[in-house]
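Everything on this sheet refers to the single structure shown next.
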Amino acid sequence: MRFSLLYAPTLKESPAEAEVVSHKLLLRAGMIRKVAAGVYTFLPLGYRVIKKIERIIREEMNRVDAQEILMPVIQPADVWRKTGRWTQYGPEMMRFKDRHEREFALGPTHEELVTALVMDELKSYRQLPLTIYQIQVKFRDEIRPRFGLMRGREFIMKDAYSFNASIEQLQKSYDDMYGAYTRIFKRCGLDFRAIQAATGLIGGKVSQEFTVLAESGESTILYCDSCNYAANDEVASTRLPEPSTEAIKSPEVISTPGVKSITEVSAFLNVPGTKIVKTLIYKYGAREIAAVLIRGDRDVNEEKLASLLGTTDFHLLAGMEWEDYPELIQGYVGPVGLTDQVRLIADSEISVMRNFVVGANKSDTHIINVNVGEDFQVEEWADVKLVKAGDKCPDCEGTLLSTRGIEVGQIFQLGTKYSEALGATFITEDGQVKPYIMGSYGIGVSRTAASSIEQNHDENGIIWPISVAPYEVSIIVLNYDRKEQKEMGDSVYEGLEKKGVEVILDDRIESAGKKFADSDLIGFPLQVIVGARTIKSGNIEVKVRATGDRREFPLDQAVDRIADLVIQMHESLKPED
RNA sequence: CGGGAUGUAGCGCAGUUUGGUUAGCGCGCCACGUUCGGGACGUGGAGGCCGGAGGUUCAAAUCCUCUCAUCCCGACCA
């Protein structure tokens, strides 16, 4: 491709709307343009990157015998009603009616549709397992799209679904996907980790996220400093401290006028937060109330609480709502003598504490030296705490550290949630009728492109790994209007094209600086420079974008050497088998 | 949806507080000339319903009302 013909409007300054580096650089490098909030057009260079990523995904999916299909963007309400998600999904699902007043949605995901698709044909265990996938546009009407491609409303996603006859078979499909994902992200040149993840609305039990490590990421990841434990903070757990060996003391009621918050209690009674138990009142479902006990210095992890309560419809009791529960005294609620109208949930960590402070369910009063089993009973223990850096690793003696990450893929063992809801069954070897056991596996394709930039850039622009770069080589002819340079540039260009190298020939009549700057900005992995100096020396200069290394090749070998370099760079991204 | 902010040329911005000729600047764009290995220089040009609608006024980018859009922080999420 000749740069003079390429539609790649580069920008010297980044548009004010862009905040994160990937968004800025995608705009500046002429790869995307915004159409509406969270909705973008991919320009030729940007779309080539997307296609590169898609191709890697296809190759790895096909490698584990997943089969590609293409489902529609729009989906009828019907199939969503059967699984209950038509009401569950909320306003994030963009809904509309056709001219006959039939209800549809833009597909935010395709579990329902794909299950409905196969249930008519997959009738026997002999036909299982089956894994199918598609690369399709998804639409989620995000409350707040942001960060360019990182959180768009319309985005490109690869989604795969496995249909299995047994847990063992599901595990195999899941493991295959795990392997494929590992290869995919390795091939894309990303620094990533597979971590334990929350399952959220999709359902299911076992799930892992593939997360690209980057400071601009939206998830917080906790990982162990000595073993390979790594988890999203939504699900991260921690090893409980050793049980306290203090002798049990008798509880004592203490007047604490105006002292409500943990900070105040801690200062007033001169005890650390770790010796206080706070009682948080949550309202959930229609009108049910839960009291959550947690160590004073901790925060509740609302993801964990959601799966415990079985709903995301809950919130801390707030403002006027307190008036509906006169027996609960705001700021002084505690487990001792708590009304049994309230569901009491205790974080597991409370079980190792002794002689702690709690609210007394009476204004301006706390109780000290309280103990579980002595002064109140707990029937429901759970892990509802937000784990943070410095906590102990749940798997070993190590300590957890935290970092930020961008979730680019997630794999789930769904189980039978969708197959049961839709009545999607098969006949087992011994004649029983059973719902498929399913897995679901997603990759955010456009987000993967953005996260690659988050991880690979410098002050001059993007540094694409060669596997996803829009072109592998750019040839910068400094003075294309001079015959010798034009001829030399053309011949290298043609030579490389003949060898199958993806190459851009910068034949524009522009200043040298502009051409270098554009090439750096767009992030072509290799720059071949043809100028007066080249003509004089008979050597062609090649710059490696990532490292800035410059090499010189004699003119007659240039094409071969450059092509070799390209191959070499690809090799370095190959996963080991 | 709550909080904050912004809409002026393709991009980045000034002008709005205190209403007053033809609405400016930088980059980019076009023409010519000079330059020619890291976003060159000179000269000349083109390009604006000042987000939209309504109002106040002799007069509105500037004041008022409504509206639309975009961005940031939060609740939601690949």
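Lettering follows sequence order; numbering is per chain, from 1. Side-chain atoms are counted along with the backbone in the values below, which use heavy atoms only and exclude waters and symmetry mates.
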Any side-chain N or O of A:R144 under 4.0 Å from OP1/OP2 of B:C73? yes

A cation-pi test, strictly: NZ or CZ of A:R447 under 6.0 Å from the centre of the six-membered ring of A:F155 and no more than 45 degrees from its axis. Yes or no? no

Hydrogens and angles aside, do A:T83 and A:E112 bring a side-chain donor and acceptor to less than 3.5 Å of each other? yes

Counterpart base for B:A5, defined by Watson-Crick or G-U wobble contacts under 3.5 Å: B:U70

Kindly indicate whether the side chain of A:R146 and the base of B:G74 share any N or O donor-acceptor pair separated by less than 3.5 Å? no

Less than 3.5 Å apart, any donor N or O on the side chain of A:S474 or A:D506 sitting next to an acceptor on the other? no

hbond_proxy A:N479 side chain to B:G37 base (donor-acceptor, 3.5 Å cutoff): no

Any N or O donor-acceptor pair under 3.5 Å from the base of B:G38 to the side chain of A:S519? no

Tell whether A:R550 reaches the base of B:G38 with its side chain through a donor-acceptor pair below 3.5 angstrom. yes

Check A:V300 against A:L305 and note the closest heavy-atom contact, atom names and distance. CG1-CD2, 4.2 Å

Can you check the distance between B:G15 and B:G7, where both ends of the measurement are the P atom (answer in whole Å)? 10 Å

Over all strands shown, is A:E92 touching base, sugar-phosphate only, or nothing at heavy-atom distances under 4.0 angstrom? sugar-phosphate

What contact category does A:D481 fall into here, base, sugar-phosphate, or nothing, at under 4.0 angstrom with non-hydrogen atoms? nothing

Is any N or O donor-acceptor pair between the side chain of A:E541 and the base of B:G37 shorter than 3.5 Å? yes

Given that both distances must come in under 3.5 Å, which nucleotide forms a Watson-Crick or G-U wobble pair with B:U56? none

